[in-house]
Amino acid sequence: MANDVVSVERKLLKHVRDNVHGNIFLEPIFLKFVDTEEFQRLRDLKQLGLTHMVYPGAVHTRFEHSLGVYWLAEKAIDIIKKYQGQELGIERFDVLAVKLAGLLHDVGHGPFSHMFERGFLPRVGCIWSHEEMSVKMINHMVDQHNIDIDPELIKKVKEMITASSHQPSQKAKKNQFLYDIVANGRNEIDVDKFDYIVRDSRACGLGCNFQPERLMETMQVVDDEICYRAKDYLTIHKLFATRADLHRTVYTHAKVKAIELMVIDAMVKANPYLDIVSSIHQPSDFWKLDDSILKTIEISSKHELKESKDLIQRIRRRDLYQFCNEFSVPKESLDYFKDITPQDIVCSQKGCINLKEDDVAVSNVKIDLTYGSENPVERINFFKDYESKEKFPIPNERISHLLPAFNKDVIVRVYSKKPELVEAVAAAFENYQVKIFGRKAQVHETPEKKKRRRLLSSFA
């Protein structure tokens, strides 16, 4: 009889071959969500937004990332249950909740990764969260497709997806360690990062020294919190350092940011006619919004969309906003630094060319290990060995003097929207640095080759 039950369950499993984790299996309860148009929409959202225009291999999607997080969530809870299940009272309900949270954590994401949420929407006066939209989308999926599922299970899944340090009410919940697995608000170590760090590194053709399996196999729950062996301190530091390196070299690459700035401008100009913003409130509208919005603009014959269309066609021709220069904000200025705006640059011009705000684009890039200038590893609790039931933090200086003493960078990049204005924008940018810091903070002058674009443009 037992063998019959096993064979029937195996027949019901959906087998997916993932290029990062290998074989992934989905049970019927998860397929009810995967087979909806709302979840399938994730196939049309690139995980890294517009990064593929610089790193051609970065065409992986939120769909495969979500499957990866689901699979790692299952591994994590299975490991904890294997060694501490009886002690912690882990039930089938808890396992399902963790796995479903991993699967559905990104269903509320908008087009072009975080650019939509942090770049476009603030420009049109909207404050919006993809986590909150994920919660709304889950409710919509259950209602729209009549998914027969325990309401308490769905409630717990939604709590896990929105878990953060800004929601202290969750700290009193039973088995709080379960909320550390998918979206860890306590110390930011979660399977979401485990998946995207490895997946993004591979897609962009970069090496990745961080291996999440080691941490997952050795983690232990101590005092209702997932803790790690003290000897794994450097492995954890490598997790945060690898994430920061991906931000610097991939996610905030100078050309990636130039393309993002152009797409934001295009969408802002198109919004009054396409009413993009109206779709962010209701899941029934939002699930129809994906990366194809650029193609919608590009092939439109509407005169009102001409400016937006021209910007997208400039991207296709590689006629990008021209990167003029950048500087890293001096360490002593970081605590009170405010984002620089095009107006700041324009007000610093001294030449004969009359720059306007719309001639300049500025990108304020913040790169840290997760918690600004704070060392994130100091938020993590460790244990001595598997017999120990005590947890404790470890300060950096007790491990190595080679680890960074500072954990945050802010890089300011300035772009000229027109090639012929590179020299004028670069000069104004230099003037701004002298005015604010009393010296030039950039590493070197803007190359003459970039400045000569003004002459080439004049003869064109």
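Because the structure is a prediction, the values reported are computed rather than measured. Any value given below was found using the heavy atoms of this structure, including those in side chains, with hydrogens, waters and symmetry copies removed.
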Looking at every non-hydrogen atom in both residues, tell me the closest pair between [X] and [Y] and how far apart they are.
X	Y	value
D190	N184	OD2-N, 3.1 Å
R413	V365	NH1-CG2, 3.7 Å
L215	I236	CD2-CG1, 3.7 Å
P272	V268	CD-O, 3.4 Å
I197	F210	CG2-CD2, 4.2 Å
A270	S308	N-OG, 3.2 Å

| field | Whether W128 and F286 hold their rings parallel, tilted or perpendicular, with breakpoints at 30° and 60° | value |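 Rings of W128 and F286: tilted, as their planes differ by 30° to 60°.
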| Parallel, tilted or perpendicular: rings of H15 and F25 (30°, 60°) |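 Answer is parallel, since the angle falls under 30°.
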With rounding to the nearest 0.5 Å, note down the distance linking [atom1] in [X] to [atom2] in [Y].
X	Y	atom1	atom2	result
L421	I353	CG	CD1	6.0 Å
R41	L289	CZ	CG	6.5 Å
I181	K75	CD1	NZ	14.5 Å
L45	S113	CG	OG	9.0 Å
K46	L48	NZ	CG	10.5 Å
S279	I293	OG	CD1	8.0 Å

Check ion pair [X]-[Y] (N to O, under 4.0 angstrom):
X	Y	value
E298	K295	yes
D319	R314	yes
K366	D409	no
E27	K14	no
K257	E260	yes
E374	R379	yes
D148	K32	no
R243	D200	no
E445	K440	yes
D44	R62	no

Are the side chain of [X] and the backbone N or O of [Y] linked by a donor-acceptor pair below 3.5 Å?
X	Y	answer
H253	K255	yes
N325	Q442	no
E430	A427	no
T36	F33	yes
E304	Y273	no
N175	F177	no
H52	G49	yes
R439	V434	no
D285	Q282	no
Q40	V34	yes

| said: Does Q47 form a side-chain hydrogen bond (donor to acceptor under 3.5 Å, both in side chains) with Y196? I'd like the steps, not just the answer. | reply: CA-CA 9 Å; Q47 174 74 9; Y196 78 66; over 6 Å; no
May I ask you to check whether [X] and [Y] show a side-chain donor-acceptor distance below 3.5 Å?
X	Y	answer
N139	K158	yes
Q322	Y415	no
E225	Q176	no
R316	Q313	no
E64	T61	yes
D192	H65	yes
E117	H109	no
D106	S66	no
T242	D245	no
E131	S129	yes
S348	K435	yes

Decide yes or no for [X] and [Y]: does some side-chain heavy atom of the first lie under 4.5 Å from some side-chain heavy atom of the second?
X	Y	value
F30	L96	yes
L72	M216	yes
L178	I77	yes
F323	E326	yes
V412	S363	no
I280	F116	yes
F429	T446	no
K136	E132	no

| For the residue pair H130 and H114, is the inter-centroid distance of their aromatic rings smaller than 6.0 Å? | yes
| query | Mind checking whether F120 and F112 have ring centres under 6.0 Å apart? | reply | no
| Taking it one step at a time, do D344 and V362 satisfy side chain to side chain contact (heavy atoms under 4.5 Å, CB included)? | CA-CA 10 Å; D344 294 325; V362 181; over 6 Å; no
| message | A quick test of your reading: do over 12 heavy atoms of other residues, nucleotides or ligands sit less than 6.0 Å from CD of E37? | response | yes
| task | Decide if atom CD of E357 counts as having more than 12 heavy atoms of other residues, nucleotides or ligands within a radius under 6.0 Å. | result | yes
| task | Would you mind telling me which of I315, L311, V360, I259 makes a side-chain contact (heavy atoms from CB on, under 4.5 Å) with Y321? | result |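 Output: one option passes, namely L311.
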| Given the rule in the side chain to side chain contact (heavy atoms under 4.5 Å, CB included) test, do Q349 and V425 qualify, once you have shown the distances and angles that lead to the verdict? | CA-CA 8 Å; Q349 64 182 317; V425 173; over 6 Å; no
